[in-house]
Amino acid sequence: MGIRAKEHSAQHIVLVTGLSGAGKASTLRMLEDLDYEVVDNPPLDLFEALVSRAGQRLAIGLDVRSRGFEAHRVADFLTRTRRHQDCAVQLLFVTADYDVLLRRFTATRRRHPLAGDGGVRPALELEAEMLSPLRAMADLVIDTSDLPVPDLRQMINARFSAGVEAMLSVTLMSFAYPAGLPREADLVLDARFLRNPHYDETLRPHTGLEKPVADYVKADSFYQQFYAHVLGLIRTVLPRFAAEGKKYVTIAVGCSGGRHRSVTLIEALARDLAEDPMIDELRTAVMVVHRELAREGLASWRWAFLPDDAS
């Protein structure tokens with residue numbers, strides 16, 4: 001069965017998948033609140049029929065429980081659907097750290113769909129392996145490990161409300177290397193060579209959100225040269241990402257603790273990009289996330305820039 005072409009505006013389709021317990025069901029409910037028709041775990045054989053008969057906004061949830069689930073079949077569906085100019089299809093992958101997922105399963109006393117005698121962790125590892133081809137194809141990966149439900153809702157609302165789908169959405173993220181690389185990062189930069197406020201007892205308790213810490217980092221003799229190169233790189237690649245049709249880009253800057261140097265650089269990038277005419281011309285939304293500060297309850301994600309027609 002072929003995919004029916006729409007006569008008027010493009011049909012927006014969001015496929016939602018990810019690890020069990022990471023928030024797929026919550027995400028689907030949030031999309032339903034945005035007037036998407038939502039179908040959870042239909043048999044894969046029905047995908048094309050659903051697309052051809054649905055309205056302009058359709059969200060489909062799928063995971064290892066879906067009858068006939070095979071990652072390569074979903075990938076084939078995505079590839080074929082993306083060829084149709086009248087179908088704008090996006091793949092959203094939700095994930096979380098294994099330890100977080102284990103705590104969630106313990107709290108809810110739910111059974112993992114792949115759990116056998118080996119317990120939940122082996123089931124999660126198997127599920128991650130089965131879904132890995134889809135994660136690699138995802139337009140957007142959301143890690144809910146430290147993301148409160150209200151923040152997840154705001155993120156879904158901002159990215160999938162009517163009229164927002166066409167934008168290039170850029171996430172600027174600070175992080176700590178010892179805590180692991182951000183899974184969703186497209187570009188990772190290392191700021192650990194800059195002098196570290198951690199070794200100044202007066203600055204150690206503070207963060208790069210505060211001027212004394214930022215001034216200390218920026219006083220490093222290599223800072224300005226490094227920052228200029230980073231900003232130039234971002235200004236070079238974003239138009240190419242947009243031209244290739246990429247909808248979501250995550251640029252991550254890491255340091256040892258994720259509190260001082262990386263935060264200072266991300267804040268500087270957010271400020272300069274928000275004032276760059278190129279960002280407005282590309283209809284680029286710029287989001288700021290300080291991962292380690294969020295885990296400490298010291299910061300939450302925010303928009304640094306939204307085009308006027310998306311505000």
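All residue numbers in this chain count up from 1 along the given sequence. Everything quoted here is computed from the prediction, not taken from an experiment.
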Completion exercise
One should read off an interatomic distance between D151 CG and I156 CD1, to the nearest 0.5 angstrom, of 11.5 Å
Exercise for the section: Determine whether the side chains of H112 and E127 contain a donor N or O and an acceptor N or O closer than 3.5 Å. Expected result: yes
Exercise for the section: Give a yes or no on whether L50 and L134 share a hydrophobic cluster (residues Ile, Leu, Val, Met, Phe, Trp, Tyr; joining criterion: side-chain heavy atoms under 4.5 Å apart). Expected result: yes
Exercise for the section: Find out whether V286 and L269 are in side-chain contact, i.e. whether some heavy atom of one side chain is under 4.5 Å from a heavy atom of the other. Expected result: no
What pairs of donor and acceptor atoms, side-chain ones from residues 213-222 against any protein atom, are under 3.5 angstrom apart with sequence neighbours left out?
unit_1, atom_1, unit_2, atom_2, d
D215, OD2, K211, NZ, 2.6
D220, OD1, F222, N, 2.8
D220, OD2, R195, N, 2.9

Problem - Any side-chain heavy-atom pair of M30 and S26 under 4.5 Å - result: yes
Practice task
Please round to the nearest 0.5 Å and tell me the distance separating atom CE of M278 and atom OG1 of T236.
Solution key: 8.5 Å
Exercise for the section: Would you mind reporting whether R121 and D99 have side-chain heavy atoms less than 4.5 Å apart? Expected result: yes
Practice task
Using atom types as modelled and distance alone, determine if a side-chain donor or acceptor of E292 lies under 3.5 Å from a backbone N or O of A176.
Solution key: yes
Problem - From CG (L92) to CG (L31), nearest 0.5 Å - result: 7.5 Å
Exercise for the section: Spell out, as yes or no, whether a donor-acceptor pair under 3.5 Å connects the side chain of R291 to the backbone of S174. Expected result: no
Handout entry: ring-ring contact (aromatic ring centres under 6.0 Å, His included) contacts touching residues 251-272 (sequence neighbours left out)
Key = none
Exercise for the section: Measure the shortest side-chain to side-chain distance between W301 and V288 over non-hydrogen atoms and say whether it is less than 4.5 angstrom. Expected result: no
Handout entry: Shortest non-hydrogen separation from A96 to L19 and the atoms involved
Key = O-CD1, 4.1 Å
Problem - Residue pairs involving residues 125-157 (criterion ring-ring contact (aromatic ring centres under 6.0 Å, His included); sequence neighbours excluded) - result: none
Problem - Side-chain ion pair, D33 and R153, N-O less than 4.0 Å - result: yes
Practice task
Go through the structure and list residues passing side-chain hydrogen bond (donor to acceptor under 3.5 Å, both in side chains) with R302, not counting sequence neighbours.
Solution key: E267
Practice task
Identify, with sequence neighbours excluded, every residue that meets side-chain hydrogen bond (donor to acceptor under 3.5 Å, both in side chains) alongside S262.
Solution key: none
Practice task
Can you measure from CG (L58) to CD1 (I13) and round to the nearest 0.5 angstrom?
Solution key: 6.0 Å
Handout entry: P212 versus L203, closest heavy-atom pair with distance
Key = CB-CD2, 3.9 Å
Handout entry: 4.5 Å side-chain heavy-atom contact, D280 and R283
Key = no
Fill in the blank from the handout: dist I251:CD1 -> L233:CG (nearest 0.5 Å) comes out at 7.5 Å
Practice task
Would you kindly confirm whether Y223 and V263 end up in one hydrophobic cluster when ILVMFWY residues are joined by side chain heavy atoms under 4.5 Å apart?
Solution key: no
Handout entry: Connected via hydrophobic side-chain network under 4.5 Å: L46 and L44
Key = no
Handout entry: L131 side chain reached by F93 side chain, heavy atoms, under 4.5 Å
Key = yes
Exercise for the section: Go through the steps for K246 and D139 under the test salt bridge (Lys or Arg N to Asp or Glu O under 4.0 Å), then give the verdict. Expected result: CA-CA 8 Å; K246 193 170 178 64; D139 297 287; over 6 Å; no
Practice task
Answer yes or no: is there a side-chain heavy-atom contact under 4.5 Å between D276 and R235?
Solution key: yes
Handout entry: D200/R204 ion pair, N-O < 4.0 Å
Key = no
Exercise for the section: Using a strict cut-off of less than 4.0 Å between a Lys/Arg side-chain nitrogen and an Asp/Glu carboxylate oxygen, indicate whether D97 and R103 qualify as a salt bridge. Expected result: no
Problem - Set of residues satisfying ring-ring contact (aromatic ring centres under 6.0 Å, His included) with respect to Y98, sequence neighbours excluded - result: none
Problem - Sub-4.5 Å side-chain heavy-atom contact between L172 and V289 - result: no
Handout entry: Single-linkage hydrophobic cluster M173~L306, side-chain heavy atoms < 4.5 angstrom
Key = yes
Handout entry: Spacing of T17 atom OG1 and L15 atom CG [to the nearest 0.5 Å]
Key = 8.5 Å
Exercise for the section: List in chain and number order the residues that pass side-chain contact (heavy atoms from CB on, under 4.5 Å) with E275, two or more places apart in sequence or in another chain; answer none if no residue qualifies. Expected result: R271
Handout entry: Those residues that, when tested against E32, pass side-chain contact (heavy atoms from CB on, under 4.5 Å) (two or more places apart)
Key = V38
Practice task
Kindly write out the residues that satisfy side-chain contact (heavy atoms from CB on, under 4.5 Å) with D272, not counting sequence neighbours, or none if the list is empty.
Solution key: Y227, L231
Fill in the blank from the handout: Connected to Y177, directly or through other members, by ILVMFWY side-chain contacts below 4.5 Å are F175, L181, V188
Exercise for the section: State whether a side-chain donor-acceptor pair under 3.5 Å links S256 with R261. Expected result: yes
Atom pairs and distances, donor-acceptor, side-chain atoms in residues 59-69, under 3.5 Å, two or more places apart:
unit_1, atom_1, unit_2, atom_2, d
D63, OD1, R65, N, 2.8
D63, OD1, R65, NE, 3.2
D63, OD2, K24, NZ, 3.4
D63, OD2, R65, NE, 3.2
D63, OD2, R65, NH2, 2.9
S66, OG, N41, OD1, 2.7
S66, OG, D63, N, 3.2
S66, OG, D63, O, 3.2

Practice task
Give a yes or no on whether V253 and L293 share a hydrophobic cluster (residues Ile, Leu, Val, Met, Phe, Trp, Tyr; joining criterion: side-chain heavy atoms under 4.5 Å apart).
Solution key: no
Exercise for the section: Could you label the plane-to-plane angle of the Y248 and F160 rings as parallel, tilted or perpendicular, counting under 30° as parallel and over 60° as perpendicular? Expected result: tilted
Practice task
Please name all residues satisfying side-chain contact (heavy atoms from CB on, under 4.5 Å) with E296, sequence neighbours left out, ordered by chain then number.
Solution key: R259, L298
